[in-house]
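Here the structure comes first, spelled out in structure tokens, and everything after it is commentary.
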Amino acid sequence: MEARRAYPFDRIEAKWQRVWQERAVFRAANPGEPGAEKPKYYVLDMFPYPSGRGLHVGHLEGYTASDIVARYKRMRGFNVLHPMGWDAFGLPAEQHAVATGIHPRITTERNIAHFREQITAMGFSYDWSREINTTDPRYYRWTQWIFLQLFRRGLAYVAEAPVWYCPALQTVLANEEILPSPDGPVSERGHHPVERRPLQQWMLRITAYAERLLADLDLVDWPDSIKEMQRNWIGRSEGAVIRFSIEGIESSLEVFTTRPDTLFGATYVVLAPEHPLVAKITRPECREAVEAYQREVAKKSDLERAELTEEKTGVFLGAFAINPASRERIPVWIADYVLLSYGTGAIMAVPAHDERDFEFASLFGLPVHPVVRPKDSAAPPAGCFPGEGIACCSQFLDGLRTLEAKSAMISWLEEKGLGKRTIQYRLRDWLFSRQRYWGEPFPIVWRNGEAQPVPETELPVLLPERRDFSPERGGFAPLSQEKGWEELPDGGRRETNTMPQWAGSCWYYLRYLDPGNDGELVSRETERYWMGAKGVDLYIGGAEHAVLHLLYARFWHKFLYDIGVTSTPEPFHRLVNQGIILGEDGRKMSKSLGNIVNPESLLREYGADSVRLFEMFLGPLEQMKPWSSQGLEGPHRFLARVWRLVMEEDAEGRWMPRPDISNEEVPMETRRLLHRTIRKVAEDLECLSFHTAIAQMMILVNALTRRPIPSRIVLEPLILLLSPFAPHLCEELWSVLGHAESLAYAPWPEADPLLLIEEEAEWVIQINGKVRSRMRAALDLGQEEAESLARQRSEIESWLNGKSVQKVIFVPGKLLNFVVARE
RNA sequence: GCCCACGUGGUGGAACGGCAGACACACGGGACUUAAAAUCCCGUGGGGGGAGACUCCCGUGUGGGUUCGAAUCCCACCGUGGGCACCA
């Protein structure tokens, strides 16, 4: 069915997309090129993984927002960097290869072509000369180079550690890729069950940067919720490590606690079941029970240990430790509520002041010694009191507040050599290897059991071609099947793990700056120019990357800063998350619900400008909101109205410029409205309030439609204001009005301050805070004049009749409120 | 359980502590048309009074509070979404 079009968007959109491409309109100038004398503005989208499903309206929302900003900033005189690329390594393409035998490279290329086509059809103003692809050897060469620098500085190391292994995906996964579920932990991708296995893995020492990753959150302009999530993920806690000696044995054990002030109340000690000291200190009579418990924990730890609905369990080792403060003999237990991977893997239990210890002590009949009382109470309460208060029953701490008691205890411990002040982080080192094919190979060769770096001159280490994609059983890397690749003539063997998908996305924003540079990751001069001062000026993407991508990228950026590659401590100055777009039914879009909105049909029916405008008109960018295909009508009609302000149909139905377009001045009311609109749109664009900017332009266009005034004096500024939102339509109208050049770099309209000054205002008159009247009057009335004008109004007169006015609130230019006695 | 965000018409949403519901969608009425579509105009939170121009009351999840005045600030609760979850 050939739908009649409200305006010929199909023709003009194809035309302008071709013009932009042919003239390389959006090419950004690097230092030394004409254009680079302008101030820079770097507006970045989170680059997509090119999946087989193509882009959905959610991607398009973020990309539309960033494109509007990019176009706006160009018109404001900035040299704008607005690039796009592909995060193309990753599991889905490899899973597809396993299933179909088609090489992931083929699938990836096909998907990228589809994505690029969809993006082009939306009219986004990317500088395609900077397009990057993480699977391109010219790109991943530098991913490998960064890894080598990390390795040289001891920040990449091999460790045998219990890691999350997913039998279904046949790979290990990072902590960050595991989700809790009612049936135990599962993989984030695919929700397959995962279990713990001890394997030799590459780790990155992100914990070395924990403090800076935390502190520098203060430097960036990000949503508070994201900062908070990162803070929680890093999980800094201050406390002390305290040494407990073991009765009858030479060795001692260390515990970490955030409450050293409660040491006098420590009535037992708990080790993680896997703690290396357990075998050494367990008494023979307890050995059987302890080992049985360890086996049980090892078996269930995979799935059930993460659940906390279960009752606490543990066993006594038969051994005793000495409380270093009270000199009391206290029992040593193991229990699975203590984790080996945090702190020292051991705790001092203070059941009187810790809920978990209290629960455990109650269950096993262990003693409870209160040593803190609330500020307003003479004695500690019964049960467990985890709050802060005043120390008691603690000898030299008695009477001190919790904060002081902590310091006093730490000083005492340090003096006696029994402990010291410590900071612990919840953040763990980053598990960096994957047993997959479709990822960056490590630039590492094993010789005599030692990992050796591949010389930089030999980069990139190319991923070998493959025919057979079935992964090997048991968690070995597929690359270990490629003997000709793995085994080197000198007897060395290449590392066969590959890097995780996060690797390529950790630094891609830097490669856009200088994508063709084969001598350096990015030239110093270019990096200084584009990342100057604050790094990426605006970064738009989904909140699902709050901790993973954004924490990893910050880590790498700080490392690159330390080795002199980057010049700013933080990569992304301002971060904005677009909200999720729900299906028309208000539920999350998903294949199984059948509520996914296909952008192709919308583009065919309404055109890219309408889709762009509607994506923005839906509501605040950061908010979650449902899609409504019917709602698209509004912005579409609006664009058609703008079209008809300039164009009209002749008898044959051809669109022609209106013959009556003039250069004549327009009525004062219209000029004022135009200039208010200019101001409002610019203000709203600065704070990314796109929907209110559109509403304001609709108000202007509605006024112009009502009383047709086809004058360039109002039409041209309107077209410029609208052009970041609906660039194809506006380019066409701009050229119809006789401009030979694209409007992409036309100066943004300036609001005339004289036209923004109002002389009159509508005053609101209230009685006891309720609006009882309004009047148009001069804006600059004094209180007395305003009051007497208000009192003359009959409705106010009758409201005030017989009442005594106690007070009059006067807000200049706005409001008058008579406060009268209530009977 | 803990942390964070958010609750406004039939719907999406707007509103520096000062006119609640801008702008749209949907719906209803009208103009144009042989008719329809498109377009244009008018109406549209709920309830009451009035023949009428009009007018009064109620209303921003619930209950309190601060204030001359609260959708907006504070407290408690309920609901929705997101994050964390034995991290000592």
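Atoms considered below: every heavy atom in the structure, side chains included; atoms not considered: hydrogens, waters and symmetry mates. We name chains A, B, ... by the order of the sequence lines, and we start the count at 1 in each one.
Distance, N232(A) CG to G82(B) C1': 13 Å, rounded to whole Å. Summarising the geometry, the separation between CZ on F244(A) and C1' on A88(B) is reported as 12 Å, rounded to the nearest angstrom. Nucleotide U39(B) holds its P atom 14 Å from the CG atom of L645(A), rounded to whole Å. If you measure from atom CZ of F358(A) to atom P of C86(B), you get 21 Å, rounded to the nearest angstrom. Rounded to an integer number of Å, the gap from L700(A) CG to A24(B) C1' is 16 Å. One atom, CZ of R772(A), and another, P of G69(B), lie 14 Å apart when rounded to the nearest Å. In this structure, the CG atom of N768(A) is 9 Å from the C1' atom of G69(B), given to the nearest Å. Nucleotide C86(B) holds its P atom 16 Å from the CZ atom of F360(A), rounded to whole Å.
Note on E211(A) versus R236(A): salt bridge recorded, some NZ/NE/NH1/NH2 to OD/OE distance being below 4.0 Å. A salt bridge is defined here as a Lys NZ or Arg NE, NH1 or NH2 lying under 4.0 Å from an Asp or Glu carboxylate O, and R676(A) with E758(A) meets this definition. Salt bridge annotation for R259(A)-D354(A): absent, with no cationic side-chain nitrogen under 4.0 angstrom from a carboxylate oxygen.
Comparing G13(B), C41(B), C56(B) against the side chain of R706(A) picks out C41(B) as the nearest. The side chain of F256(A) sits closest to A88(B) out of G18(B), C86(B), A88(B). Side-chain proximity of K770(A) to the nucleotides U39(B), C58(B), C23(B) is greatest for C58(B). Closest approach to the S237(A) side chain among A88(B), C86(B), A85(B) is made by A88(B) (side chain taken as heavy atoms from C-beta onward). Comparing A26(B), C40(B), C68(B) by their closest approach to the side chain of N817(A) singles out C68(B). Across C56(B), G12(B), A26(B), the shortest atom-to-atom separation from the side chain of E633(A) is found for A26(B). Counting only heavy atoms from C-beta on, I809(A) has its side chain closest to C68(B) among C68(B), G82(B), G81(B). Comparing C3(B), C84(B), A24(B) by their nearest atom to the side chain of P635(A) picks out A24(B). Checked against A15(B), G18(B), G82(B), the side chain of K814(A) finds its nearest nucleotide in G18(B). Here the nucleotide nearest the side chain of Y342(A), chosen from A14(B), A88(B), A24(B), is A88(B).
Atom C1' of G63(B) sits at a distance of 27 Å from the matching atom of C56(B), rounded to the whole Å. Spacing of P atoms, U39(B) relative to G45(B), comes out at 24 Å, to the nearest Å. Here, U72(B) and G9(B) have their P atoms 15 Å apart, quoted to the whole Å. Atom name C1', nucleotides A20(B) and A71(B): the rounded distance is 8 Å, in whole Å. Taking atom C1' in both G29(B) and C23(B), the straight-line distance is 22 Å, to the nearest Å. Rounded to whole Å, the separation between the P atoms of G81(B) and U8(B) comes to 14 Å. The same atom, C1', is picked in G7(B) and in A14(B); the two are 16 Å apart, to the nearest Å. As rounded to the nearest Å, C73(B) and U67(B) have C1' atoms that lie 10 Å from one another.
A close approach under 4.0 Å does not occur between any side-chain nitrogen or oxygen of N577(A) and OP1 or OP2 of G82(B). Listed pair R5(A) / A38(B) fails the phosphate criterion, with no side-chain N or O lying under 4.0 Å from OP1 or OP2. Put simply, K807(A) has a side-chain N or O that comes within less than 4.0 Å of OP1 or OP2 on C68(B). When the side-chain nitrogen and oxygen atoms of H691(A) are compared with OP1 and OP2 of A14(B), one or more of them lie within a distance under 4.0 Å. Remark: R637(A) is in phosphate contact with A26(B), judged by side-chain N or O atoms under 4.0 Å from OP1 or OP2.
Pairing for C16(B) is absent, with no Watson-Crick or G-U wobble pair whose two atom distances lie under 3.5 Å. Of the nucleotides present, G30(B) is the one that pairs with C40(B) by Watson-Crick or G-U wobble criteria, both distances under 3.5 Å. G9(B): no Watson-Crick or G-U partner with both key distances under 3.5 Å is found in any strand.
For Q630(A) and R644(A), each mapped to the nucleotide of RNA chain B holding its nearest heavy atom, the one lying further toward the 5' end belongs to Q630(A). Place I347(A) and D224(A) on RNA chain B by their nearest nucleotides, and D224(A) ends up nearer the 5' end.
The distance from atom CG of L779(A) to atom NZ of K814(A), rounded to the nearest 0.5 Å, is 10.0 Å. Note that CG of L550(A) and CD of Q230(A) are 6.0 Å apart. Values are rounded to the nearest 0.5 Å. Between the CD atom in Q578(A) and the CD atom in E615(A) there is a gap of 9.5 Å [rounded to 0.5 Å].
Within 4.0 Å (heavy atoms only), L618(A) reaches sugar-phosphate atoms of the nucleic acid but no base atom. When heavy atoms are screened at a 4.0 angstrom cut-off, F617(A) is found touching base atoms of the nucleic acid. Across all strands shown, Q623(A) has heavy atoms under 4.0 Å from sugar-phosphate atoms exclusively, and none from any base. Residue P620(A) is in sugar-phosphate contact alone, with no base atom involved, counting any heavy-atom pair closer than 4.0 Å across all strands shown.
The aromatic rings of F360(A) and Y337(A) sit tilted, their planes meeting at an angle between 30° and 60°.
Residues Q696(A) and T677(A) bring a donor and an acceptor atom of their side chains to less than 3.5 Å of each other.
F614(A) is listed as a side-chain neighbour of W627(A), based on a closest heavy-atom distance under 4.5 Å.
At a non-hydrogen distance threshold of 4.0 Å, T257(A), T258(A) from residues 257-270 of chain A come into contact with RNA chain B.
Contacts of D224(A) classified as salt bridge (Lys or Arg N to Asp or Glu O under 4.0 Å), with partners at least two apart in sequence or in another chain: none.
For the side chain to side chain contact (heavy atoms under 4.5 Å, CB included) criterion with V338(A), the lone passing option out of V255(A), T344(A), V270(A) is V270(A).
Classification of G82(B) as anti follows from a glycosidic angle more than 90° from 0.
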